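Notes for the one structure printed next.
Bear in mind that the values here come from a model prediction, so they are computed numbers and not experimental data. We name chains A, B, ... by the order of the sequence lines, and we start the count at 1 in each one.
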There are 2 protein chains.
Amino acid sequence: MIQKILIAEDYETVNLSIQKTLEELHISSPDYVYYCDDALLRIEKALQANASYDLLITDLHFEEDHRQQKISGGEALIAAARNIQPDLKILVFSATGKPATIEALFQKEDIDGYVYKGRNDARELKLALEQIAANRRYFPQQFVQQQKQKNTYELDEFDITILSLMADGKRQQEISAYLKKNNIKPSGLSSIEKRLNTIKDALDCSTNEQLIAHCVKMRII
Amino acid sequence: MIQKILIAEDYETVNLSIQKTLEELHISSPDYVYYCDDALLRIEKALQANASYDLLITDLHFEEDHRQQKISGGEALIAAARNIQPDLKILVFSATGKPATIEALFQKEDIDGYVYKGRNDARELKLALEQIAANRRYFPQQFVQQQKQKNTYELDEFDITILSLMADGKRQQEISAYLKKNNIKPSGLSSIEKRLNTIKDALDCSTNEQLIAHCVKMRII
DNA sequence: TGCCACTTTACGGTTTTCCGTAAAAAACAG
DNA sequence: CTGTTTTTTACGGAAAACCGTAAAGTGGCA
């Protein structure tokens with residue numbers, strides 16, 4: 001049975017609405033935080049007090065503000081939480097997840113549910129909570145559909161580095177020099193060109209400009 | 001005094017949380033809808049029944065689904081609502097607004113407030129409601145900041161066209177051809193080059209990629 | 001060690017972009 | 001209408017990006 005719940009969600013209204021949904025399910029008042037670091041602290045303290053949480057409901061994306069955070073976002077929070085409390089149930093509630101990200105969360109982090117923010121998200125949230133309470137996993141419908149049409153080329157760290165430098169105004173030669181200076185393995189100009197071609201092909205972009213626009217929009221960089 | 005409120009917001013959780021925020025302000029239970037068409041219908045009926053709404057709280061972006069809608073989004077809804085009830089107060093609650101869009105809403109549609117969805121959005125929502133109840137307008141802080149730091153060079157429609165086409169994968173020659181085809185005045189390749197240089201200079205960008213990244217981040221395009 | 005598969009790099013030729021200059025066109029005043 | 005100013009376009013050389021291919025390097029594996 002799920003009794004003790006922690007909500008990590010920086011959007012105040014969303015945070016409130018999750019609480020309201022829980023109320024309707026007659027789940028006793030959950031704890032809630034607006035920052036990832038606070039979430040982990042709560043989980044740690046609860047463990048030490050021998051009153052650990054049953055469920056963590058968390059967003060993936062958190063806006064940055066004046067408060068410096070050690071944990072950068074939902075994914076890092078999930079990993080950290082799993083590390084200190086392996087039996088914690090985790091429900092991700094987010095609008096931004098890419099199929100590949102969701103898949104990775106289910107496989108690697110063994111999360112228990114994923115709910116897309118959307119028109120009927122409160123109802124979905126209830127369904128997910130019921131499923132999780134019954135020790136079942138909850139996959140969103142959208143996920144099943146998107147599974148089929150996945151042309152998802154997952155960008156690795158190297159790709160992100162190149163794209164970030166490029167979005168930062170660096171020319172390809174400068175990127176090559178930067179990679180050499182930082183001892184990152186493929187650093188030749190040709191490798192950068194080749195990689196960019198691969199990415200553009202995968203993401204169906206014809207120019208660098210379009211690629212950068214796409215990545216910024218998708219919050220890849 | 002604000003008594004009768006209509007909420008148009010397709011995200012169920014957000015819709016709920018607005019209701020909760022209104023509860024805390026001791027405002028009697030508002031009406032709420034998930035579709036723009038429904039919103040306009042409600043406003044029309046209330047007018048005919050001589051019990052018109054005092055305030056419309058609406059999102060800008062609505063997800064499309066199986067239900068075909070005449071009104072495409074928040075902006076269209078606002079225009080339509082203004083048309084049939086000029087004295088209706090309007091509060092926009094959205095995460096997606098570009099500065100130019102917000103400015104246009106305040107100037108052309110004469111909206112009464114704009115609140116960004118974000119970390120402290122519930123508190124901002126309360127502030128905005130208080131301001132509007134006092135017949136004052138509520139501008140978001142982010143907007144004021146962005147107003148200040150906006151570089152002397154204001155991008156015009158021509159600039160936006162070029163940047164949008166470029167972010168769409170078009171080459172400069174293709175952009176030139178496009179402009180010619182659509183009878184947009186400066187269409188020469190040189191003019192495009194020159195304009196891009198001016199923009200890059202004004203926004204302190206060294207490459208097209210950096211420029212596009214900046215514009216997408218700043219929601220200019 | 002030597003062979004093989006694979007990755008990375010180097011190097012030309014082509015296309016695109018960049019940048020300066022000058023000609024052409026348009027806008028404007030007298 | 002003429003002369004001036006401003007805007008737009010055209011052009012050519014330099015730099016950067018693009019693209020294919022070949023050489024050099026890397027890591028298994030017998």
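- When rounded to the nearest whole Å, the span between CG of A:L179 and C1' of C:dT8 equals 13 Å.
- In this structure, B:K194 places its NZ atom 13 Å from C1' of C:dA22, rounding to the nearest Å.
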Under 3.5 Å, which N/O atoms of the protein pair with N/O atoms of nucleotides 10-17 of chain C?
{"residue": "C:dA10", "atom": "N7", "partner": "A:S190", "partner atom": "OG", "Å": "2.8"}
{"residue": "C:dA10", "atom": "N6", "partner": "A:S190", "partner atom": "OG", "Å": "3.2"}
{"residue": "C:dC11", "atom": "N4", "partner": "A:S190", "partner atom": "OG", "Å": "3.4"}
{"residue": "C:dT17", "atom": "OP1", "partner": "B:Q172", "partner atom": "N", "Å": "3.3"}

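- At C:dC19, one or more side-chain N or O atoms of B:N197 fall inside 4.0 Å of OP1 or OP2 (strictly under the cut-off).
- Contact between the side-chain N/O atoms of A:S187 and the OP1/OP2 oxygens of C:dT9 is found at a separation under 4.0 Å.
- With sequence neighbours excluded, the residues forming a side-chain contact (heavy atoms from CB on, under 4.5 Å) with A:Y178 are A:T161, A:L165, A:N182, listed by chain and number.
- In this structure, B:K70 is not positioned above the aromatic face of B:Y35 in the sense of NZ or CZ being under 6.0 Å from the six-membered ring centre and within 45° of the axis.
- A:K185 comes within 4.0 angstrom of sugar-phosphate atoms only, judged by non-hydrogen atoms across all strands, and of no base.
- At C:dT8, none of the side-chain N or O atoms of A:S191 fall inside 4.0 Å of OP1 or OP2 (strictly under the cut-off).
- Salt bridge status for A:D121 with A:K126: absent, with no side-chain N to carboxylate O gap under 4.0 Å.
- The CD1 atom of A:I192 sits 10 Å away from the P atom of D:dA17 (whole-angstrom rounding).
- A donor-acceptor contact shorter than 3.5 Å is absent between the side chain of B:R82 and the backbone of B:D87.
- Between B:Y114 and B:F93, the gap from one ring centroid to the other reaches at least 6.0 Å.
- A cation-pi arrangement, defined by a distance under 6.0 Å to the six-membered ring centre and an angle within 45 degrees of its axis, is absent between A:K117 and B:Y11.
- Between the C1' atom of C:dC19 and the CZ atom of B:R195 lies a distance of 18 Å, rounded to the nearest Å.
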